[in-house]
J.: 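One structure, pasted below without further comment.
The shown structure was predicted, so the numbers you read here are calculated from the model rather than taken from an experiment. Every heavy atom of this structure was used, including side-chain atoms; hydrogens, water molecules and symmetry mates were not.
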Amino acid sequence: MIGKLFSLKQSESDRQLGLETASEYRERWISIRVMYYNGFLVYVAFGIITTSVWPYLKSLDPDAGKGFLTYVFGMQSLLQLVCSPLFGWWNNRLPSVRKPMVFFLVAYVLGQILYSLIEEINAYEKYLILVSRALFGIASVSCTIYRAYMSSATTVAERTRTMSFLSLAQTCGLLAGSIVHPLFSMLGEEGFSFLGLFRVNMYTAVGWFCAALGCVNLVLMMPSIFKDHQIAIKEAMKGHSSTATKAVWKDTKLKYQPINLMVTAFALLMFVYSAIQTLLSPIALDQFGWTNEESLFYLGILMTVGALISCVLFLLLDPLCKRFGESNVLVYGAMFALFLSQLMLIPFGSEPITSVTEVGNLTELHNSTTVASGCPLTQEWCQRIPPISKVQFTISYTLLCVSFSIGTTLSQAVFSKLLGPRPQGTWMALLTCAGSAARILGPGSVTLYVLFGTYWTFGAGSVLAGLVFIWMWVYRNTLQPAKPVVPPEMAEELKVLNSKNIVQ
């Protein structure tokens, strides 16, 4: 499996398809790997800056509150939601993805440079951080474009594998970000002066690092390296009487029911995952009585293990689909696992949660600078609802990682196959918008948790996941690639050709 990720040699089965020469095959897979790198690039920036933006903001503007941080984090998803349809439509009308990709990369590099130079500008610091994140939000719209390109640059048989490797690249980006940032922290807040022009410290170094990676990607997008290849339409035209590409994909009938199902499943996975990621710390502090230090330590281990599980699943996804069928892996490995992960978070038992009043004197806690562990008094449901056990929590998060890894990858792959060989920029923008809206709404589950507790929060999650699972189970046989409509007279001709096993 790992060998397939790096090999550029055309196999005998690919050669017999007669869709491309060996050199075209090599160029096509180089372009796909450039898109892998772009996915890695976007997610490494997200992972590395997310952990440092709050202390950086406080160092620049001590008066900035946590409320403003909401705008900083929400800016990326908001701009993805707004800009994806526009750029998806634009991409469909261009002969190459190079122009939009270069535009996004320039926005990415400028955003990272601005992030690193805010201290030197020394004015409107928190708003400049917002602008830098807005530029990154525009750059992250590239995920719509590279998903669309993956759909056009791969055959139906290759689609699942390339989507799983793309997800692997993105996850590796998040892991790399979490690993690299502690290394930059050794620079400290003082850092050093670079040629007397600007200061590089633990906060600005991550911006310069990401900008350098972006410049590498700009080089990789040059015409001498990146060459567009649209093999999906060639595959659809094989054995087709029409030589007009538009006629071929217009002959491909869309199945709206499974298409809507894939968009819903993708959005639900994004919603639940972002909700649980937001709730991890409140659950650890309220349900287990951990301190902030214990929460950071144990949740860090849990999230790292979850990311490693995801990496393994991305590598195994293609053989799993070949063994059990793509729709079965999606239905049971993703949606049923998501339903179980939510169900596992519904607590059972008779003992209530340990509240703050039981772990210390209220006066001492009020006067102390240490945040008290246990369920706060403002959450009155703590007095009557039992706690979530650590075993429940661990199993649930593991199932969520399995569900999210399989579900987001396969929903994109199946969605692309359902659309057929038509240009998919606008359609992939729809998928991106659904995911962005879900990530914006997901953190709102904290309000439901604080007001009503675990029964309502995870009960509602179980119902949503259960309904989508049943919907997908009922229509699982419709999750098949779209095929062009073949006229009756051509169907007879193709029967003859297929019976003779003629390879074009």
J.: Return the minimal non-hydrogen interatomic distance between Leu135 and Leu110, and the atom names on each side.
T.: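 Where Leu135 meets Leu110 most closely, the heavy atoms are CD1-C, 4.1 Å.
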J.: Would you give the length of the straight line joining atom NZ of Lys322 to atom CZ of Arg161, rounded to the nearest 0.5 angstrom?
T.: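 Between Lys322 NZ and Arg161 CZ, I get 6.5 Å after rounding to 0.5 Å.
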J.: What pair of heavy atoms forms the shortest contact from Leu400 to Leu338, and how long is it?
T.: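 The answer is CD1-CD1, 3.8 Å.
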J.: Under 6.0 Å between ring centres: does that hold for Phe415 and Phe266?
T.: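 When the ring centroids of Phe415 and Phe266 are compared, they turn out to be at least 6.0 Å apart.
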J.: Check whether any side-chain N or O of Tyr37 sits under 3.5 Å from a backbone N or O of Leu213 as a donor-acceptor pair, and report yes or no.
T.: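 Answer holds: yes.
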J.: Give me the atom names and distance for the closest heavy-atom approach of Leu479 to Pro258.
T.: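 Heavy atoms of Leu479 and Pro258 come nearest at CD2-CB, 3.6 Å.
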J.: Check the orientation of Trp208 and Phe198. Use parallel for under 30°, tilted for 30 to 60°, and perpendicular for over 60°.
T.: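 The rings of Trp208 and Phe198 lie parallel, inter-plane angle below 30°.
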J.: Looking at OH of Tyr397 and CG of Leu280, how far apart are the two atoms once the value is rounded to the nearest 0.5 Å?
T.: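 The CG atom of Leu280 is 5.5 Å from OH of Tyr397, to the nearest 0.5 Å.
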J.: Taking side chain as C-beta onward, heavy atoms only, is Val141 less than 4.5 Å from Leu79?
T.: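 Heavy-atom side-chain distance check fails, nothing below 4.5 Å.
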J.: Locate the shortest heavy-atom distance separating Gln170 from Gly39; write the atom from each residue and the value.
T.: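 Closest heavy-atom pair between Gln170 and Gly39: CG-O, 3.8 Å.
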J.: State, without any angle test, whether Thr432 and Ser84 hold a side-chain donor-acceptor pair at a distance under 3.5 Å.
T.: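 On atom types as modelled, these side chains do not qualify, holding no pair under 3.5 Å.
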J.: Does some side-chain heavy atom of Val219 sit less than 4.5 Å from a side-chain heavy atom of Cys215?
T.: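 No - every pair of side-chain heavy atoms lies 4.5 Å or more apart.
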J.: Could you go through the side chain to side chain donor-acceptor pair (under 3.5 Å) check for Thr171 and Ser310 one step at a time?
T.: CA-CA 8 Å; Thr171 303; Ser310 297; 5.4 Å; no
J.: Mind listing the closest non-hydrogen atom pair of Phe104 and Ile138 along with its distance?
T.: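 Scanning both residues, the minimum pair turns out to be CD2-O, 3.2 Å.
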J.: Is there side-chain contact between Tyr149 and Asn91, with at least one heavy-atom pair below 4.5 Å?
T.: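 Not touching, per the 4.5 Å side-chain cut-off.
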J.: Quick one about Ser403 and Ser341 (side-chain donor to acceptor, distance below 3.5 Å, no hydrogens or angles considered), yes or no?
T.: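 Per modelled atom types, Ser341 and Ser403 side chains form no pair under 3.5 Å.
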J.: Does a side-chain heavy-atom distance below 4.5 Å link Lys417 with Thr160?
T.: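 Yes. Closest side-chain heavy atoms under 4.5 Å.
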J.: Any salt bridge linking Arg159 with Glu326? Criterion: basic side-chain nitrogen under 4.0 Å from a carboxylate oxygen.
T.: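 The answer is no: the pair does not qualify as a salt bridge.
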J.: Search all heavy atoms of Leu431 against all heavy atoms of Gln412 and return the closest pair with its distance.
T.: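 Residues Leu431 and Gln412, closest heavy atoms: CD2-CG, 3.7 Å.
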J.: Specify whether Phe136 and Phe46 have parallel, tilted or perpendicular ring planes, treating 30° as the upper limit for parallel and 60° as the lower limit for perpendicular.
T.: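 Ring orientation, 0 to 90° scale: parallel.
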J.: Parallel, tilted or perpendicular: which one describes the rings of Tyr256 and Trp427, with boundaries at 30° and 60°?
T.: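 Ring orientation, 0 to 90° scale: tilted.
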J.: To the nearest 0.5 Å, how far apart are OG in Ser405 and CG in Leu410?
T.: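 Spacing of OG (Ser405) from CG (Leu410) equals 10.5 Å.
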J.: Just wondering, are more than 12 heavy atoms of other shown residues or ligands nearer than 6.0 Å to CZ in Arg26?
T.: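 No, the 6.0 Å shell around CZ holds no more than 12 heavy atoms from other groups.
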J.: Taking atom types as modelled and ignoring hydrogens, do the side chains of Asp228 and Ser96 form a donor-acceptor contact shorter than 3.5 angstrom?
T.: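 Checked: Asp228/Ser96 side chains pair up, N/O donor to acceptor below 3.5 Å.
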J.: If you define the side chain from C-beta out and look only at heavy atoms, does anything of Leu175 sit under 4.5 Å from Cys311?
T.: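 With C-beta onward as the side chain, the pair touches.
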J.: For Cys143 and Val42, run side chain to side chain contact (heavy atoms under 4.5 Å, CB included): C-alpha distance rounded to whole Å, both residues' side-chain angles, the deciding distance at 0.1 Å, then the answer.
T.: CA-CA 8 Å; Cys143 66; Val42 171; over 6 Å; no
J.: Taking the side chain as every heavy atom from C-beta outward, state whether Cys210 and Tyr108 have any atom pair closer than 4.5 Å.
T.: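 Yes, side chains in contact.
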J.: Taking C-beta and beyond as the side chain, do Leu268 and Met335 meet within less than 4.5 Å on heavy atoms?
T.: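 They are in contact (side-chain heavy atoms under 4.5 Å apart), so the answer is yes.
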J.: Establish, from distance only, whether the side-chain atoms of Glu27 and His229 form a donor-acceptor pair under 3.5 Å.
T.: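 Checked: Glu27/His229 side chains pair up, N/O donor to acceptor below 3.5 Å.
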J.: With side chain to side chain donor-acceptor pair (under 3.5 Å) as the test, would you mind laying out the steps for Asp318 and Ser164 before giving the verdict?
T.: CA-CA 8 Å; Asp318 189 47; Ser164 63; over 6 Å; no
J.: Indicate yes or no: at least one non-hydrogen side-chain atom of Ile276 is less than 4.5 angstrom from one of Ile283.
T.: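 Of all side-chain heavy-atom pairs linking Ile283 with Ile276, none is under 4.5 Å.
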J.: Ignoring hydrogens and angles, state whether a donor on the side chain of Tyr449 or Asp286 is under 3.5 Å from an acceptor on the partner side chain.
T.: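 On atom types as modelled, these side chains qualify, holding a pair under 3.5 Å.
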